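What you see below is based on every heavy atom in this structure, not just the backbone, and it leaves out hydrogens, waters and symmetry mates. Note that the structure is a prediction, hence the values are computed from the model and not measured. Indexing begins at 1, ligand by ligand and atom by atom, following the structure's order. Numbers here simply count residues along the sequence, with the first being 1.
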Amino acid sequence: MTAAVQTAPATSASPAETILSVNNIEVIYDHVILVLKGVSLAVPRGGIVALLGANGAGKTTTLKAISNLLRAERGEVTKGTIVFDGERVDRLSPNELVRRGCIQVLEGRHCFGHLTIEENLLTGAFTRRDGNAAIKRDLERIYEFFPRLRQRRTSMAGYTSGGEQQMCAIGRAMMSRPKMILLDEPSMGLAPQIVEEIFEIVNKLNASENVSFLLAEQNTNMALKYATYGYILETGRVVMDGPAKMLRENEDVKEFYLGVAEGNRRSFREVKSYKRRKRWLA
Ligand SMILES: Nc1ncnc2c1ncn2[C@@H]1O[C@H](COP(=O)(O)OP(=O)(O)O)[C@@H](O)[C@H]1O
Ligand SMILES: [Mg+2]
């Protein structure tokens, strides 16, 4: 395939099949710093889609544009549209979006360190209006997905491990009963075994609770194992997208993102790949 195809599959598909579509958005920080330069992507209802790219590519900015958390960073969506569950959402507040079923789990986990794991989970229910009994039931359900959190329910979050804090952050998001979670770099700083455990839980939440995920990751290998479709961002643009299987087998992706170039790294192939990369950046 050619590297620069941008066939965002679902921007034209019906809202019944597409839960989220981001259409050609531009984001500017501080009125002058252009960071996203026309990003489009789509997440099918019930899907797991990966947003890949190196540090600084624009993954977090894309997620915050969707969840409307950019304003707090002096950032602004200056072009394009964002449609969630059949409705334009680019002018909503973050809370209104959570009420509609879309919530972000921030990079770096962000638990309240001085609250217990259970208290942290309960803060996730703050937009709900369906009463304590329903909230208690959901808490039990969360503990079934995250047995480690049940064990640690009375521990102060600040004293739990990085993996437990990441689970707590995802569990707290689940307490808002989301249709979709925007998950920002859950693997960051965690041991591979814990990362795998977390991704397995994400997979279960997706399959049994029908939660859709947009998963920002630098860990391309792990993300493409669980996502069905992926987008690769470089300096604020989607440079490649496709089904996860296709991305895993693509030579450029292998070379630049999976770190498994075929054969000798000093081969002619590497030079060719470098030129190809130059072409996709053009
Ligand atoms: N609040 C901000 N103000 C100005 N520039 C920012 C801000 N946040 C991020 N950036 C810049 O935007 C670019 C993309 O950052 P980010 O979205 O955090 O990338 P990623 O999540 O892929 O690492 C980077 O060049 C970063 O320096
Ligand atoms: Mg980031």
Side-chain angles (χ1 to χ4, degrees), residues 3-4 6 8 20 22-43 48-82 89-90 93-94 97 102-111 162-163 165-166 169-170 172-173 180-190 194-195 198-199 202 213-224 226-227 229-242 244 247 252-253 256-259 277 280-281:
Q6 285 196 32
L20 174 74
V22 172
N23 310 300
N24 207 20
I25 60 165
E26 189 178 275
V27 167
I28 296 182
Y29 283 111
D30 291 320
H31 300 292
V32 287
I33 310 165
L34 177 64
V35 168
L36 297 189
K37 304 155 187 167
V39 167
S40 295
L41 61 86
V43 179
I48 301 180
V49 169
L51 183 59
L52 306 166
N55 194 21
K59 302 180 296 299
T60 298
T61 301
T62 304
L63 296 195
K64 286 189 171 173
I66 299 164
S67 59
N68 284 304
L69 290 170
L70 272 184
R71 253 165 284 169
E73 310 260 350
R74 299 169 53 85
E76 199 188 348
V77 179
T78 47
K79 270 191 199 151
T81 60
I82 299 169
V89 293
D90 25 301
S93 73
L97 200 61
C102 182
I103 188 162
Q104 178 163 355
V105 175
L106 292 169
E107 186 176 272
R109 326 197 239 278
H110 292 272
C111 296
Q165 289 182 25
Q166 183 65 65
I170 298 171
R172 186 176 63 194
M180 167 155 218
I181 294 181
L182 310 169
L183 188 50
D184 200 355
E185 298 222 34
S187 77
M188 193 190 267
L190 300 179
I194 302 293
V195 174
I198 288 169
F199 276 57
V202 164
F213 282 88
L214 179 58
L215 174 64
E217 262 300 343
Q218 284 187 62
N219 189 336
T220 307
N221 205 9
M222 198 60 96
L224 288 180
Y226 291 91
Y229 199 91
Y231 293 84
I232 298 180
L233 271 184
E234 276 187 17
T235 53
R237 286 197 174 87
V238 175
V239 291
M240 191 188 287
D241 69 279
L247 293 178
D252 285 334
V253 176
F256 293 105
Y257 292 97
L258 296 172
R277 182 173 194 247
W280 97 29
L281 285 173

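Looking at atom 18 (O) of ligand 1, its nearest protein heavy atom turns out to be Thr60 CB, 3.7 Å. Here the heavy atom of the protein found nearest to atom 11 (C) of ligand 1 is Val35 CG2, 4.0 Å. Looking at atom 10 (N) of ligand 1, its nearest protein heavy atom turns out to be Tyr29 CE1, 3.5 Å. The nearest heavy-atom contact from the protein to atom 19 (O) of ligand 1 is Gly58 N, 3.1 Å. Of all protein heavy atoms, the one lying nearest to atom 25 (O) of ligand 1 is Gly56 O, 4.0 Å.
Near Ala54, the atoms of ligand 1 lying under 4.0 angstrom from a non-hydrogen atom of the residue are 22 (O). Of all atoms in ligand 1, numbered sequentially from 1 with element shown, those under 4.0 Å from a heavy atom of Glu73 are 1 (N). Proximity to Thr61 (heavy-atom distance under 4.0 Å) selects the following atoms of ligand 1: 14 (C), 15 (O), 16 (P), 17 (O). Ligand-side atoms of ligand 1 in range of Asn55: 23 (O), range being under 4.0 angstrom from any heavy atom.
Checked by atom type and distance alone, the side chain of Glu76 never pairs as donor or acceptor with a backbone atom of Thr78 at under 3.5 Å. Looking only at distances, no side-chain donor or acceptor of Asp90 sits under 3.5 Å from a matching main-chain atom of Thr81. Judged purely by atom type and a 3.5 angstrom limit, His110 uses its side chain to pair as donor or acceptor with the backbone of Glu107. Of the possible polar contacts, one joining the Ser40 side chain to the Asn24 backbone as a donor-acceptor pair under 3.5 Å is found. A donor-acceptor contact shorter than 3.5 Å is absent between the side chain of Lys59 and the backbone of Leu51. A donor-acceptor pair under 3.5 Å is absent between the side-chain atoms of Asn55 and the main chain of Gln218, judged by distance alone.
Remark: the Thr61 side chain and the Tyr29 side chain contain an N/O donor-acceptor pair separated by less than 3.5 Å.
Atom 5 (N) of ligand 1 is flagged as protein-proximal [any protein heavy atom, distance under 4.0 Å]. Of the protein's heavy atoms, at least one falls inside 4.0 Å of atom 13 (C) of ligand 1.
For the Mg ion (ligand 2), the set of nearby N, O or S atoms under 2.8 Å includes one belonging to Thr60. Here Glu107 reaches the Mg ion (ligand 2): one of its N/O/S atoms is less than 2.8 Å from the metal.
How far CG of Leu70 is from CD1 of Ile25: 8.0 Å, rounded to the nearest 0.5 Å.
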*Please assess Val202 against Phe213 for the test side chain to side chain contact (heavy atoms under 4.5 Å, CB included), listing each intermediate value before the final yes or no.*
CA-CA 8 Å; Val202 164; Phe213 282 88; 3.9 Å; yes

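In plain terms, the two heavy atoms of Lys37 and Thr235 that are nearest each other are NZ-O, 3.1 Å.
At least one N or O atom of Ala57, backbone or side chain, sits closer than 3.5 Å to an N or O atom of ligand 1.
Residue contacts with ligand 1 leave out Gly75, since none of its heavy atoms falls under 4.0 Å from the ligand.
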